[in-house]
J.: 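Would you mind keeping the following structure in view while I ask a few things?
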Amino acid sequence: MERLADARRWEAELREAAGGLQPGWLGPGAAGGAIASLSSEASSGTSEGTASGTAQGPAVQAPGGSVEPATGWGARAGRPIYFLGSEGSRERVWLQCDAAVEGQAMTGVAATVLRSLTGDALSRYRPLLLARARIAVVPPPMGDAPGGSSLSGAAGALRPWGPGATATGAGVPPLLDAATLGLSPGLVTALDAFAPTLVVHLQDWGGGAGEGKAWRAGTRGSRDAAGLAGAGLRQVESFYMAPELHERLGAGGARRTWLGRPTALARALAAHPDAGTGAHVRRHVVQMGFRAFDSSWERRVMREDPSWPAVVRLAVGRYVPRLEWRRLGAGSLGEIALQRYGALGICGQTFDSPPGERAGAALALAEGALIYRLGLETGGPAK
């Protein structure tokens, strides 16, 4: 009942944060941005850019005087989508929150992001971010979302979300989920129209422990297997690499010489801008005080995850699909975004731990991705 109350509280906060978005919230000096809440009331079959004053949905007045109508993307996707920032920006960021078991933590993440980017508190980063990027925030489906699942089920019990709904404690959360967590034909349509340059996918595989709903590591089929509590945040990255570099990485090429100097493979990865962004993001998560997935957890789950052979380790807690598996396609939302739009994809996965810790780690990953991808802060050498 306590988790149910927390989940309802986060839903209320998300609604409050979204409902408080008023025309002109960017202020008189903003770079022509606007926000549209794509609610369940928005009619389907419309597309961005249609004229206002029709049945496409409510129009939102941008600070620069232009009118941006709310479209039916959210209705077709089965969940709300919120757009912020400058429409004409080259950088287009898709921030999606999903949960395999319960949506409490990820709903809180979405509410925090919306509240932060639309608030009036002094911020060093918000004006730069909203001027340089167009941002789509996709919360988990809430109880009344069309096609979505309700947080509360019979007798007030939390209903599992996504593929975790049928989990009985067997197996472990996959590194590559084949885009089964959170992706739908409606969201693909919205992604096609948005054409992101950066996709941040936050996956919460924790929650529901003790009720047979949590994903657990250990012997497949055993409810008593040790959970992933304390495992820390895990990154799965999707970015383009030259086939030769990708093949050398997948072949397990050495990163250090016998005297400890970086090899050609290590130097190529260090010079790769997207790989560098992932390294900065992981360092940011740790600097914010959150745990990162390490090699001790790696050994515990690698035998249980059927997708493990499909990835190669970039660094501790960071993974990228192998070239052979990338060519098969649709390994994750990030892989789909890379293939369809050339976008950098960073997936952050959280596991069994208190909801506040899972939400905090996910927020730290999203913050790091935005800061370093958009050049809002110059970081030192990634470690």
Side-chain angles (χ1 to χ4, degrees), residues 171-181 198-201 203 205 217 228 231-258 260-283 285-286 292-340 342-351 365 368-369 372-373 381-383:
V172 295
L175 275 158
L176 299 177
D177 67 333
T180 58
L181 185 57
L198 170 65
V199 171
V200 179
H201 192 197
Q203 296 184 341
W205 296 90
L228 287 176
L233 185 140
R234 185 169 67 183
Q235 285 179 219
V236 185
E237 302 171 27
S238 299
F239 55 85
Y240 175 77
M241 285 183 280
E244 180 186 1
L245 174 61
H246 209 158
E247 288 176 354
R248 280 192 291 151
L249 181 64
R255 311 285 180 91
R256 296 283 174 177
T257 68
W258 63 279
R261 293 177 59 81
T263 63
L265 173 60
R267 292 196 300 272
L269 287 175
H272 196 293
D274 290 338
T277 297
H280 281 303
V281 169
R282 183 188 182 280
R283 186 181 64 177
V285 171
V286 174
F293 202 80
D294 61 28
S295 55
S296 63
W297 291 100
E298 207 174 71
R299 290 190 293 270
R300 295 180 62 176
V301 303
M302 62 188 306
R303 291 188 298 272
E304 295 292 325
D305 182 1
S307 70
W308 194 273
V311 300
V312 62
R313 181 184 181 192
L314 283 170
V316 177
R318 297 176 55 218
Y319 308 89
V320 66
R322 293 179 183 272
L323 179 61
E324 301 87 345
W325 289 80
R326 172 164 290 172
R327 286 170 173 166
L328 295 176
S332 65
L333 175 62
E335 286 294 294
I336 291 174
L338 173 64
Q339 292 173 1
R340 294 174 78 97
L344 166 64
I346 300 179
C347 175
Q349 300 177 331
T350 59
F351 309 106
L365 180 137
Y372 293 107
R373 169 70 178 196
K383 297 179 181 179

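In this text, all values refer to a predicted model and were calculated from it rather than measured experimentally.
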J.: Atom OG in S332, atom CG in L176: separation rounded to 0.5 Å?
T.: 5.5 Å
J.: Side chain of R234, backbone of F351: donor and acceptor closer than 3.5 Å?
T.: no
J.: Show the numbers, then the answer: is there a side-chain contact (heavy atoms from CB on, under 4.5 Å) between R326 and L338?
T.: CA-CA 10 Å; R326 172 164 290 172; L338 173 64; 3.4 Å; yes
J.: State, with a plain yes or no, whether a side-chain heavy atom of V320 is found less than 4.5 Å away from one of L249.
T.: yes
J.: Do Y319 and Q349 pass the side-chain contact (heavy atoms from CB on, under 4.5 Å) test, and can you show the C-alpha distance, the side-chain angles, and the key distance before you say yes or no?
T.: CA-CA 12 Å; Y319 308 89; Q349 300 177 331; over 6 Å; no
J.: So, for L245 and L265, which heavy atoms are closest and what is the spacing to 0.1 Å?
T.: CD1-CD1, 3.4 Å
J.: Measure across G250 and V312 and return the closest heavy-atom pair with its distance rounded to 0.1 Å.
T.: CA-CG2, 4.2 Å
J.: Heavy atoms only: give me the nearest I336-A179 pair and the separation to one decimal.
T.: CD1-CB, 3.7 Å
J.: Look up atom CD in E335 and atom CG in L328, then write down how far apart they are to the nearest 0.5 Å.
T.: 10.5 Å
J.: For the residue pair L269 and R255, establish whether any side-chain heavy-atom pair is separated by less than 4.5 Å.
T.: yes
J.: Shortest non-hydrogen contact from I346 to A369?
T.: CD1-CB, 4.3 Å
J.: Yes or no on side-chain contact (heavy atoms from CB on, under 4.5 Å) for H280 and R373, after CA distance, side-chain angles and deciding distance?
T.: CA-CA 9 Å; H280 281 303; R373 169 70 178 196; over 6 Å; no
J.: Looking at CE of M241 and CG of L314, how far apart are the two atoms once the value is rounded to the nearest 0.5 Å?
T.: 6.5 Å
J.: Measure the CG-CG distance between D177 and L333 for me, rounded to the nearest 0.5 Å.
T.: 8.5 Å
J.: Could you go through V301 and F293, starting from their C-alpha distance and side-chain angles, then the distance that decides it, and tell me whether this counts as side-chain contact (heavy atoms from CB on, under 4.5 Å)?
T.: CA-CA 11 Å; V301 303; F293 202 80; 4.0 Å; yes
J.: Return the minimal non-hydrogen interatomic distance between A310 and W325, and the atom names on each side.
T.: CB-CD2, 3.1 Å
J.: Shortest non-hydrogen contact from A337 to V199?
T.: CB-CG2, 3.5 Å
J.: Any donor-acceptor pair under 3.5 Å linking the side chain of R256 with the backbone of A266?
T.: no
J.: Taking V311's backbone N and O only, do any of them form a donor-acceptor pair with R322's side chain (distance below 3.5 Å, no angle check)?
T.: yes
J.: Roughly how far apart are R282 CZ and Q235 CD, rounded to 0.5 Å?
T.: 7.5 Å
J.: To the closest 0.5 Å, what do you measure between CD (Q339) and OH (Y240)?
T.: 13.0 Å
